[in-house]
Amino acid sequence: SVLPTSFDPALFENVEAYPFGFAVYDGLVWVDAQLTLQPMLAERWEANADGRQWTFYLRSAVTFHHGSAFTATDVVYTFTRLLEPKLGSPLQPVLSFIQKVEAIDEHTVRFHLAAPNVDLPLLLAAPQLRILPHDFSLERLMMQPSGTGPFLFDEFRSGEYIRYIRNPDYWAAERITIAELWHLYIPSLDEQVAALVRGELDLLLEIDPSQVAHFQENPDIVVLEATSGRYQNLAMQVKAPPFHDNRVRQALKACLDRPALQQQILLGRGAAGYDHPIAPISPFFTEITTSPDIERARQLLVEAGYPAGLQVQLLTANAFPGMVQLAYAVQAMAQPAGIQNE
């Protein structure tokens, strides 16, 4: 898979960085497979009566990989830094309602909010909110990252791999049974599959659904399916023409046959996205019934000033299973409405 471009969790922008963050760092909380909030560096938490203050009680006897004790000072440092707009963390706008994070004592922190927010604990499970040590320079972090996580960063070879070793002093060391963890960079999906078949990989996180039957015939490979919030989106530049006009975005969405995409690309697996990023396993999920409507798409383009249709540039890459297939399918579905690929 792709290696992270930064060892700083506050700047994580792509899912490729998340496995690194989960190995080296801990957050205050984490979300399990049932999307239930679980304690991590925070053992418990509570809100005051009006929901504007949240107090988190931290785990004691936790140490960073470089030997310093984890305390409330590290939590304050992590959040104060991330909430500074000039840092450019993708999570800063999401958390802008946090006015201040203060240390009440060595193992207690309090979040002061501009307005009540019952989702604060859930938001704190984001990968960008892994706790950094306050006494560890950012320059050093980029060379030898130190967290409180289950694995110690051991070796990084750019464009090749990251090697981790088990953290013997982890606060939940009994849960970690793997002695070494390797994160390999193999750019081609075909090469990844070939390496798995040859026994050079122990785990491949994503495969093309068309390969499932082939793998199931191999007695040395076990195929596991897990429901997740992973989704493949179509990214549109909404700050520039033509997608700055919401009617153009709506027109493209009106062209798409979601069940057909699900069948063509996922071979019936997964679920339709319904134009929002909330997964079906989430308690907040609501199914929004949609169906392709080419006439509506054409009318929206007329209203947006494109009566003869328009040409757009559709870019993709064979970086994840299904990306190229999705691009071809969207291209075909959009053509009848007058949306052509340059």
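Numbers for residues simply follow the sequence, beginning at 1.
- Inter-residue side-chain proximity for Thr36 and Val31 is flagged as unmet; no heavy-atom pair is nearer than 4.5 Å.
- Residues Asn167 and Ala173 come closest through the heavy atom pair O-CB, 4.5 Å.
- For Gln192 (side chain) and Ile186 (main-chain N/O), a donor-acceptor pair under 3.5 Å exists by modelled atom type.
- Annotation: side chain of Gln232 is in contact with side chain of Met323 (closest heavy-atom distance under 4.5 Å).
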#### Entry: Test side chain to side chain contact (heavy atoms under 4.5 Å, CB included) applied to Trp182 and Ile162, step by step
CA-CA 6 Å; Trp182 292 71; Ile162 300 176; over 6 Å; no
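- Under the 3.5 Å distance criterion, the side-chain polar atoms of Arg110 are left unmatched by any main-chain donor or acceptor of Val101.
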### Message
Does Phe285 form a ring pair (Phe, Tyr, Trp, His ring centres under 6.0 Å) with His276? I'd like the steps, not just the answer.
### Response
CA-CA 9 Å; Phe285 174 77; His276 60 71; 5.7 Å; yes
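- Under a hydrophobic-cluster definition in which Ile, Leu, Val, Met, Phe, Trp and Tyr are linked whenever side-chain heavy atoms come within less than 4.5 Å, directly or via other members, Phe12 and Met142 are assigned to the same cluster.
- Checked by atom type and distance alone, the side chain of Asn318 never pairs as donor or acceptor with a backbone atom of Val324 at under 3.5 Å.
- Within a 6.0 Å sphere centred on CZ of Arg166, heavy atoms belonging to other residues, nucleotides or ligands number more than 12.
- Taking all atoms of both residues into account, the shortest heavy-atom contact from Leu58 to Glu43 is O-OE1, 3.9 Å.
- Aromatic ring orientation, Phe20 versus Tyr164: tilted (interplanar angle from 30° to 60°).
- When atom types are taken as modelled, the side chain of Asp257 and the backbone of Ala260 share a donor-acceptor pair closer than 3.5 angstrom.
- Of the possible donor and acceptor atoms, one in the side chain of Trp54 sits under 3.5 Å from a partner among the backbone N and O of Asn117.
- No side-chain heavy atom of Val109 sits less than 4.5 Å from a side-chain heavy atom of Thr55.
- Taking 4.5 Å as the limit, every side-chain heavy atom of Trp30 sits out of range of all side-chain heavy atoms of Leu124.
- Shortest non-hydrogen contact noted between Ala297 and Ala254 is CB-CB, 4.0 Å.
- Counted by atom type alone, Thr63 and Asp169 present zero donor-acceptor pairs between their side chains at under 3.5 Å.
- Between the side chain of Ser89 and the backbone N or O of Leu82 there is no donor-acceptor pair closer than 3.5 Å.
- If you take CD on Gln262 and CZ on Arg269, they are separated by 11.0 Å, rounding to the nearest 0.5 Å.
- Hydrophobic clustering (side-chain heavy atoms under 4.5 Å, transitive across Ile, Leu, Val, Met, Phe, Trp, Tyr) groups Leu138 together with Phe136.
- Checking side-chain atoms of Asp26 against main-chain N and O of Leu41 turns up no donor-acceptor pair under 3.5 Å.
- When side chains are defined from C-beta on, Pro90 counts as touching Gln128, because their heavy atoms get closer than 4.5 Å.
- Stacking of Arg59 on the aromatic ring of Trp171 is recorded, both the 6.0 Å distance cut-off and the 45° axial limit being met.
- Between His244 and Lys239, every side-chain heavy-atom pair lies at or beyond the 4.5 Å cut-off.
- Minimum heavy-atom separation, Leu87 to Ala10: CD2-CB, 4.0 Å.
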### Message
What verdict does the side chain to side chain contact (heavy atoms under 4.5 Å, CB included) test give for Glu160 and Tyr185, after you've listed the backbone C-alpha separation in whole Å, the side-chain angles of each residue and the deciding distance to 0.1 Å?
### Response
CA-CA 5 Å; Glu160 294 186 37; Tyr185 173 60; 5.8 Å; no
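- Side-chain N/O atoms of His65 and Ser146 include no donor and acceptor closer than 3.5 Å.
- Taking CD1 from Ile131 and OG1 from Thr71, the interatomic distance works out to 10.5 Å, rounded to the nearest 0.5 Å.
- There is a path of hydrophobic side-chain contacts, each under 4.5 Å, that joins Leu204 to Leu184.
- Atom NZ of Lys253 is separated from atom CG of Asp275 by 4.5 Å, given to the nearest 0.5 angstrom.
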### Task
Test side chain to side chain contact (heavy atoms under 4.5 Å, CB included) on Phe7 and Phe156 and set out the steps.
CA-CA 11 Å; Phe7 294 155; Phe156 170 62; 3.9 Å; yes
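- Residue Val248 is found in a hydrophobic cluster whose other members, listed by chain and number, are Leu234, Met236, Phe243, Leu252, Leu256, Leu261, Ile265, Leu266, Leu301, Tyr306, Leu310, Val312, Leu326, Val330, Met333, Ile339; membership requires side-chain heavy atoms under 4.5 Å apart, directly or through intermediates.
- You'll find the side chain of Phe56 stays beyond 4.5 Å of the side chain of Thr108, heavy atoms only.
- Here the side chains of Gln250 and Arg247 are in contact, with some heavy-atom distance below 4.5 Å.
- Among residues at least two apart or in separate chains, there is no ring pair (Phe, Tyr, Trp, His ring centres under 6.0 Å) pair with a member in residues 208-239.
- One side chain, Glu155 or Tyr161, offers a donor N or O that lies under 3.5 Å from an acceptor on the other.
- Between the NE2 atom of His134 and the OG1 atom of Thr78 there is a distance of 10.5 Å, given to the nearest 0.5 Å.
- Between Lys86 and Glu84, no side-chain nitrogen of the basic residue sits less than 4.0 Å from a carboxylate oxygen of the acidic one, so the salt-bridge criterion is not met.
- Between the Asn48 side chain and the Gln53 main chain, a donor and an acceptor come within less than 3.5 Å of each other.
- The shortest heavy-atom contact between Leu37 and Pro121 is CD2-CB, 3.3 Å.
- Under the 3.5 Å distance criterion, the side-chain polar atoms of Arg298 are matched with a main-chain donor or acceptor of Pro336.
- Among all heavy-atom pairs drawn from Ala23 and Leu181, the shortest one is CB-CD2, 4.2 Å.
- When atom types are taken as modelled, the side chain of Ser68 and the backbone of Phe64 share no donor-acceptor pair closer than 3.5 angstrom.
- Separation of atoms CZ (Phe111) and CD (Gln99) is listed at 13.5 Å; rounding is to 0.5 Å.
- Ion pair Arg81/Asp8 flagged as a salt bridge, since at least one NZ, NE, NH1 or NH2 atom sits closer than 4.0 Å to an Asp/Glu carboxylate oxygen.
- In the hydrophobic clustering of this structure, Val24 groups with Ile178; members are Ile, Leu, Val, Met, Phe, Trp, Tyr whose side-chain heavy atoms approach within less than 4.5 Å, directly or through other members.
- By the 4.5 Å side-chain criterion applied to Ile, Leu, Val, Met, Phe, Trp and Tyr, Ile294 is assigned to no cluster and stands alone.
- Enclosure of atom CG in Asp32 by more than 12 non-hydrogen atoms of other residues, nucleotides or ligands within 6.0 angstrom is indicated.
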### Message
Pair Met40, Leu28 - check side chain to side chain contact (heavy atoms under 4.5 Å, CB included), show working.
### Response
CA-CA 5 Å; Met40 205 169 198; Leu28 293 179; over 6 Å; no
### Task
Determine, stepwise, if the pair Gln325 / Asp208 fulfils side chain to side chain donor-acceptor pair (under 3.5 Å).
CA-CA 10 Å; Gln325 296 95 315; Asp208 192 303; 3.0 Å; yes
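- Atom OG1 of Thr148 sits about 6.5 Å away from atom OH of Tyr170, to the nearest 0.5 Å.
- Cluster annotation: Ile288 is connected to Ile281 through the hydrophobic network of ILVMFWY side chains, with a link wherever side-chain heavy atoms come within less than 4.5 Å.
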